[in-house]
Amino acid sequence: MTNPFAPELLAWYEQVAAELPWRGSDDAYRVWLSEIMLQQTQVETVKPYYARFLAAYPTVEALAAAPLDDVLKQWEGLGYYSRARYLHRAAQVVVSDYGGRFPATADELQKLPGIGRYTAGAVASIAFGARAPVLDGNVIRVFSRLLDLPDDVTLPATRTKLWQTAEDWLPETRVGDYNQSLMDLGRLICKPRAPLCGGCPVRAHCLAFQRGTQHQRPVKTPRAETPHYDVTAGLIWNERGQLLIAQRPLDGLLGGLWEFPGGKQEPGETRTECLKRELREELAIEVSVGDLYARVRHAFTHFKITLHAYTCRYVSGEPQALGVRAWAWVMPDALDAYSFGKADRQVIAEMRARRAMLL
DNA sequence: AATACGGGGTT
DNA sequence: AACCCAGTATT
């Protein structure tokens, strides 16, 4: 099946293609790094992270040789931290199994940790010119409008059909440019809420535009409401003016990041009880819980939390890493060397604001 | 097939 | 506040 709109799309791409830091290089390492960062993350958010990361790790060998904790620190704030772990592991596999050179086909790339079908197609086509399709949120939206697709795009069966369409429409040449032009079109023109159909280079081929249904595409089932949890955290001081911090397990939420120890409040439990229980379970220590120091709200994808941070005094028990990966006593000024999630960073910002007021 | 997994931008 | 974003891995 020949692509009905590729010439117009590519011509548009040459005119308006955004200058992006990861474009203009076919270095597979750079393409791969950008694609991992861009998973579920907008272009503008990625730009500063990409520049810093590349400066810290200019080659896949440098990344493979780095400690994971350093990589996580570079990733701090970007979210979906499993990406950083897989990135690190994949770099080590590329160095050890492939002599530091990325495999050039989508099938081989997809065997690497953190590379699924989308990223495999993106790297293969952009870095190696392979004839492999991509299907991301942008492309799903563009295709659902071009086809005026009434199917629910959140359903796996619909995704399968869309992947097939992506494959069917793949041009013979310039596949990397074509894939990127499709994503640029989705990002800049074929926007979710208010598509700029007047400036669309392929509107002559768009069934939804012809029928005026572009605002009803894509069809998706709304997301379930997110629950709210109350979470406690201890600002535990020792006599040397140090704070106790703990590193979360590698698996799960905020994996590998540091935090002020604590946890989710259970039904029928006061916050003081919750905090003392969590500190016993995770670190085997006893503290006296003092005043509420800060209250912070934060939204994750699947739930919201209110984080209640209490000033605590360390009482007894050498900390043990029972439910955490590691622990450390650190001076407040040394906190920046560790990676924290956004909620704990808000608590740290509050500490600094209050200290600044005192000076 | 359904769910877990961040954080920021847009509307 | 809801929706969206250059998705992947696990169960």
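Here the structure is a predicted model, which is why all the values come from computation and not from measurement. Chain identifiers are assigned alphabetically (A, B, ...) following the order of the sequence lines, protein sequences preceding nucleic acid strands; residue numbering begins at 1 within each chain.
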- Of all of residues 129-168 of chain A, which get a heavy atom below 4.0 angstrom from DNA chain B, listed by number?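 Residues of residues 129-168 of chain A that come under 4.0 Å of DNA chain B are, in numerical order, A:Pro156.
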- Message: Need to verify one output field. Residue with the more 5' nearest nucleotide on DNA chain C, A:Leu112 or A:Arg187?
- Response: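 Closer to the 5' end of DNA chain C: A:Arg187.
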Touch class at under 4.0 angstrom, heavy-atom based, for [X] against every strand present:
X: A:Ser34; answer: nothing
X: A:Lys304; answer: nothing
X: A:Trp22; answer: base
X: A:Leu185; answer: nothing

Can you give the donor-acceptor pairs under 3.5 Å from side chains of residues 252-260 of chain A to other protein atoms, not counting sequence neighbours?
unit_1: A:Glu259; atom_1: OE1; unit_2: A:Arg248; atom_2: NH1; d: 2.7

Expressed in angstrom and rounded to an integer, what is the separation of [X] atom [atom1] from [N] atom [atom2]?
X: A:Tyr118; N: C:dG7; atom1: OH; atom2: P; value: 6 Å
X: A:Lys220; N: B:dA2; atom1: NZ; atom2: P; value: 16 Å
X: A:Leu20; N: C:dC5; atom1: CG; atom2: P; value: 17 Å
X: A:Leu109; N: C:dT8; atom1: CG; atom2: P; value: 12 Å
X: A:Leu38; N: C:dT8; atom1: CG; atom2: P; value: 12 Å
X: A:Ile115; N: C:dA9; atom1: CD1; atom2: P; value: 8 Å

- Query: Hey, are the side chains of A:Cys190 and A:Phe143 touching, using non-hydrogen atoms and a 4.5 Å cut-off?
  - Reply: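 No, every pair of side-chain atoms sits at 4.5 Å or beyond.
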Please measure how far the [atom1] atom in [N] lies from the corresponding atom in [M], and state the result in whole Å.
N: B:dC5; M: C:dC4; atom1: C1'; answer: 16 Å
N: C:dT8; M: B:dG8; atom1: P; answer: 22 Å
N: C:dA6; M: B:dT3; atom1: P; answer: 25 Å

- Task: Output yes when a side-chain donor or acceptor of A:Arg159 lies under 3.5 Å from a complementary backbone atom of A:Val153, and no otherwise.
- Result: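 Such a contact is found between A:Arg159 side chain and A:Val153 backbone.
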- Okay, side chain of A:Ser125, backbone of A:Ala130: is any donor-acceptor separation there less than 3.5 Å?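 Looks like no, no N/O pair under 3.5 Å.
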Please output the side-chain donor-acceptor pairs of residues 289-303 of chain A that fall under 3.5 Å, not counting sequence neighbours, one pair per line with the distance.
none

- Task: Give the C-alpha distance, both sets of side-chain angles, the deciding distance and a yes or no for side-chain contact (heavy atoms from CB on, under 4.5 Å) between A:Val60 and A:Val95.
- Result: CA-CA 7 Å; A:Val60 67; A:Val95 169; 4.3 Å; yes
Do any side-chain atoms of residues 71-84 of chain A form donor-acceptor pairs under 3.5 angstrom with protein atoms, and if so which ones, sequence neighbours left out?
unit_1: A:Lys73; atom_1: NZ; unit_2: A:Glu76; atom_2: OE1; d: 2.5
unit_1: A:Lys73; atom_1: NZ; unit_2: A:Asp336; atom_2: O; d: 2.6
unit_1: A:Lys73; atom_1: NZ; unit_2: A:Tyr338; atom_2: O; d: 3.0
unit_1: A:Trp75; atom_1: NE1; unit_2: A:Gly79; atom_2: O; d: 3.0
unit_1: A:Glu76; atom_1: OE2; unit_2: A:Arg345; atom_2: NE; d: 2.5
unit_1: A:Glu76; atom_1: OE2; unit_2: A:Arg345; atom_2: NH2; d: 3.2
unit_1: A:Tyr81; atom_1: OH; unit_2: A:Gly77; atom_2: N; d: 3.0
unit_1: A:Arg83; atom_1: NE; unit_2: A:Tyr80; atom_2: O; d: 3.3
unit_1: A:Arg83; atom_1: NH1; unit_2: A:Ile36; atom_2: O; d: 3.0
unit_1: A:Arg83; atom_1: NH1; unit_2: A:Met37; atom_2: O; d: 2.9
unit_1: A:Arg83; atom_1: NH1; unit_2: A:Gln39; atom_2: O; d: 2.9
unit_1: A:Arg83; atom_1: NH1; unit_2: A:Thr41; atom_2: OG1; d: 3.1
unit_1: A:Arg83; atom_1: NH2; unit_2: A:Thr41; atom_2: OG1; d: 3.4
unit_1: A:Arg83; atom_1: NH2; unit_2: A:Leu78; atom_2: O; d: 3.0
unit_1: A:Arg83; atom_1: NH2; unit_2: A:Gly79; atom_2: O; d: 3.0

- side-chain hydrogen bond (donor to acceptor under 3.5 Å, both in side chains) against A:Asp151, all qualifying residues, sequence neighbours excluded: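 For A:Asp151 the side-chain hydrogen bond (donor to acceptor under 3.5 Å, both in side chains) partners, ignoring immediate neighbours, are A:Lys161.
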- A:Arg117 to A:Trp163 six-membered ring, cation-pi geometry met (6.0 Å, 45°):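 Verdict for A:Trp163: a cation-pi partner in A:Arg117.
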- Task: Give the B/S/- string for nucleotides 5-11 of chain B, one per nucleotide from 5' to 3', where a protein heavy atom under 4.0 Å of the base yields B, of only the sugar-phosphate yields S, and otherwise -.
- Result: BBBBS-S
